[in-house]
Amino acid sequence: MHADHAPPDPLDRALGALAEALAPVAGSDPAIVRESLAPPPKHGHADIALAAHRFAKQAGTTPPELAARLAAAARELDFVAEAEAAGPFCNITWAAGRLAADVIEAVRVSRTQGGLVAGSEGEGATVVLDFSSPNAARKLAFHHLRGTVVGASLARLWEARGWSVVRLNFLGDWGHNIGQLLHKLSEIPAGDADHIDPSRLQQLYVEVNEEEAADPDRIKAASGEWLRRFEEQDPVAVRRWQLIVDSTTEALDATYARLGIRFDEYRGESNYVKTAVGVAEELVEAAVARVDPESGAVYVPETDGLQAVVLVNSRGISTYEGRDCAAAVDRHLSFRFDRSVYLTDVGQGGRFAAVFAALDRAGFEWAQALVHLGFGQMRLGGRKAKTRQGTAVPLDDVLDEAVARAETEIATREMDLDDPAETARIVGIGAVVFSQVRMRRTSDFDFDLDSAVAFRGETGPRIQYTHARIMSILRRADVGVEAALSACDASRLTDPLERDVVLAVAAVPGATRKAVETDDPSHLADAAVGLADAWGAYQTAGARERPDLRVLATDADLRRSRLGLAAATACGIRDIFGVLGVECPDRM
RNA sequence: GCGCCUGUAGCUCAGUUGGAUAGAGCAGGGGACUUCUAAUCCUCAGGUCGGGGGUUCGAAUCCUCCCAGGCGCGCCA
């Protein structure tokens, strides 16, 4: 299943071997047994369980009897510590020392293979990912946050799994708003027109909208006229348009940089305004689209559950959907993708489904590789965070606020840091980023800066803190991560609290696979929380009521074992946060 | 009107495709700093899984009907 050079996954191997051993007893296929293995409810003590109900009839016995037989078979395995029937369930506990040794070794090996999140599903394949999708002349706003952060995370995840990823930003650089600005720029003296400061552009945008509110007819006419001039490649219009786009991307890139994000491609919507008409004609020739005899508009009629799509309006101008079609063609020609992904809010799913289906029926065989991934709607204090001109919350403001709060928090502690401001930046931004990837991709959720930046509970900063505490221990021991992993004798890690940490580390590869399968980085966030929970309980116990669990034990062998576990945990957190886009300071 | 989505603790969310006594975090109560970083940890309390009916050994999960929200539905982007 896994490519040779992907790091080993001991838990996966153990589950596979267990399924192989139990399948004959259950009278079923190993793959089916494997799928049925599930963690028991919280109150149980076992690590993994198999419900015997579904196999009993086939095995010609009752569920409790079969569970007993399964337990007997499981006990024979050297990596199983105990197995027992509890009514119709067979509960299995892994042999702690054995699993720990495999897990630490897997982490050690993974250091040279791209980390615990590495994999090879995407080897040799190219995926184009369209995400963020801002509009010209507007700042990146709060409502762009989710798609931007999740998209960047997916891009890193796919790269870790071998894909060649094209990060593509589809800029809204055409339409009424652009027309307004082309017109408004008439007010700028020619001498200033080499460059427009982003904040100035923003200001012009607000002003022209105010003017339009006061005198709609005049501004709409002027805007339409400028848009037409731009389409005809009028030199003045083209130059103004370029100023707008340059100023916009300058501002956008500054904000993206704060989030550690860069794009490989900016493709503006305006590139497709004309080519979309040609693509629409192709769809008409393929009998997928029609020309409305009355209006002259080109549209794809409603078909089996898919909404109708207008490609060209009655004035002969392409619509957004028409441009989507043209852009899809362009992406195929430019990148020869194996998969072309559009990450937008879930509400646009219907539209994309209709567009993709139209391209497919028109005979573009690559249209099968077009997929829409939706993310849940963001709410701000229970209200819809909508784009309303001028009133949208700039993302930079949110980031500034998060960093400011981290600064305040840092000021209250005694830890002396080389660069408190830099730490505050990492913690504040990390808190915001983590809040976005924590939820399942498709869940709507209510964003509240206070809870995102609370720095306690299931937050980025708490996980960063866990990592920093581990690094602090390694510093005291004067040992590096690699050395600690190599020197570890994991068979000494037998305390239940240590076992929990081992299991949390062991869960990382599986969580990554799940994230890939579901195109959802939140499963990685879960694994990171699991690491922080397990390590936090262990380290705090060692520091308080359980001095026998101190990592820096006097017994040299034990100390080496625990340092190895510490290093493995730090690696797990770092590997995951690397994909999620959260930095991990060594001190905080 | 048609279609899709959502409804789980006071709040924000999980729930591994039908399995055991439905889980976390926050907020609330009670504890642990001479100790490897208290941005931590331990503990308690908190639920008719929106409601009714159905399917079966077994339902938060599948079917159906209601109720309450949200989103989309041929010339906006």
Side-chain angles (χ1 to χ4, degrees), chain A residues 35-44 49 51-54 56 63 86-89 91 133 135 172 174-177 269 290 292 295-302 305 307-315 317 319-323 345-351 354 374 376-377 384 387 406 409-410 412-415 427 438-440 442-448 450-451 454-459 461-466 468-477 510 514 522-523 526 529 532-533 535-545 547 549-553 562 566 587-588:
Chain A
E35 281 175 24
S36 306
L37 285 165
K42 261 294 190 260
H43 49 82
H53 310 87
R54 58 188 298 191
F89 297 92
N91 291 329
S133 314
N135 289 308
W174 199 85
H176 178 61
N177 292 334
E269 202 187 330
R290 292 180 199 155
D292 186 273
S295 67
V298 182
Y299 70 104
V300 180
E302 193 179 326
Q307 63 194 52
V309 181
V310 174
L311 302 172
V312 179
N313 71 19
S314 53
R315 287 167 298 151
I317 297 170
T319 64
Y320 190 64
E321 285 77 10
R323 281 169 238 146
D345 68 279
V346 289
Q348 297 192 52
R351 235 197 63 227
Q377 193 176 61
K384 203 158 78 168
T387 340
E409 182 71 28
I410 285 169
T412 66
R413 31 196 86 245
E414 292 173 5
M415 190 76 190
V427 172
R438 200 184 97 203
M439 312 292 186
R440 293 287 172 262
T442 54
S443 301
D444 288 353
F445 92 110
D446 216 328
F447 180 84
D448 171 43
D450 290 327
S451 44
F455 302 159
R456 65 186 68 236
E458 292 180 356
T459 66
R462 193 195 114 214
I463 298 166
Q464 289 171 322
Y465 177 65
T466 305
R469 286 167 85 199
I470 293 172
M471 295 315 287
S472 171
I473 294 176
L474 294 180
R475 274 196 303 275
R476 275 170 191 265
K514 186 162 188 178
S522 70
H523 293 104
D526 288 354
V529 169
D533 283 348
W535 184 267
Y538 174 58
Q539 180 172 345
T540 305
R544 316 261 164 218
E545 71 272 17
L549 284 182
R550 278 177 69 87
V551 173
L552 301 176
R562 289 173 175 170
R587 296 168 212 261
M588 65 183 274

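In what follows, every chain begins at residue 1, and chains take the letters A, B, ... in the order their sequences are listed.
- Checked against B/C13, B/A77, B/C42, the side chain of A/Ser443 finds its nearest nucleotide in B/C13.
- Judged by distance alone with a 3.5 Å cut-off, no donor-acceptor contact links the side chain of A/Arg440 to the base of B/A14.
- Nucleic acid contact class of A/Pro40 (heavy atoms, under 4.0 Å, all strands): base.
- Here A/Phe89 does not count as stacked on B/G19, because the ring centres are not under 5.5 angstrom apart with planes under 30°.
- As judged by a 4.0 angstrom heavy-atom cut-off over every strand, A/Pro39 is placed among the base-contacting residues.
- Counting distance only, with no hydrogens placed and no angle test, the side-chain atoms of A/Ser314 and the base atoms of B/C75 include a donor-acceptor pair under 3.5 Å.
- Checking the phosphate oxygens (OP1, OP2) of B/A39, a side-chain nitrogen or oxygen of A/Tyr465 falls inside 4.0 Å.
- Within the structure, every side-chain polar atom (N or O) of A/Arg469 is placed at least 4.0 Å from both OP1 and OP2 of B/A39.
- OP1 and OP2 of B/C36 both lie 4.0 Å or more from every side-chain N or O belonging to A/Arg544.
- Rounded to the nearest Å, the gap between the C1' atom of B/U17 and that of B/C62 is 10 Å.
- Within the 4.0 Å cut-off from OP1 or OP2 of B/C76, at least one side-chain nitrogen or oxygen of A/Arg315 is found.
- In terms of phosphate contacts, A/Arg456 brings no side-chain nitrogen or oxygen within less than 4.0 Å of OP1 or OP2 of B/C41.
- Side-chain N/O atoms of A/Thr319 and base N/O atoms of B/C75 include no donor-acceptor pair closer than 3.5 Å.
- Ring-base stacking between A/His53 and B/G19 is satisfied, the centre separation being under 5.5 Å and the plane angle under 30°.
- Rounded to whole angstrom, the span from the CG atom of A/Leu311 across to the P atom of B/A77 amounts to 13 Å.
- B/U64 has its base anti relative to the sugar, with a glycosidic angle deviating from 0 by more than 90°.
- Between B/A77 and B/A24, the distance separating the two C1' atoms is 40 Å to the nearest Å.
- Within 3.5 Å, a donor on the side chain of A/Asn91 pairs with an acceptor on the base of B/A20, or the reverse.
- Contact of the A/Val551 side chain with the A/Tyr538 side chain is registered, since non-hydrogen atoms from C-beta on lie closer than 4.5 Å.
- When the C1' atom of B/C13 is taken as reference, atom CD of A/Gln377 falls 17 Å away, rounded to whole Å.
- In this structure B/C41 sits in the anti conformation; its chi angle is more than 90° from 0.
- Between A/Asp345 and A/Arg323, the residue whose closest nucleotide on RNA chain B is further toward the 5' end is A/Asp345.
- Within the 4.0 angstrom heavy-atom criterion, base atoms lie near A/Glu321.
- For the C1' atoms, the distance from B/G47 to B/U21 is 13 Å, rounded to whole Å.
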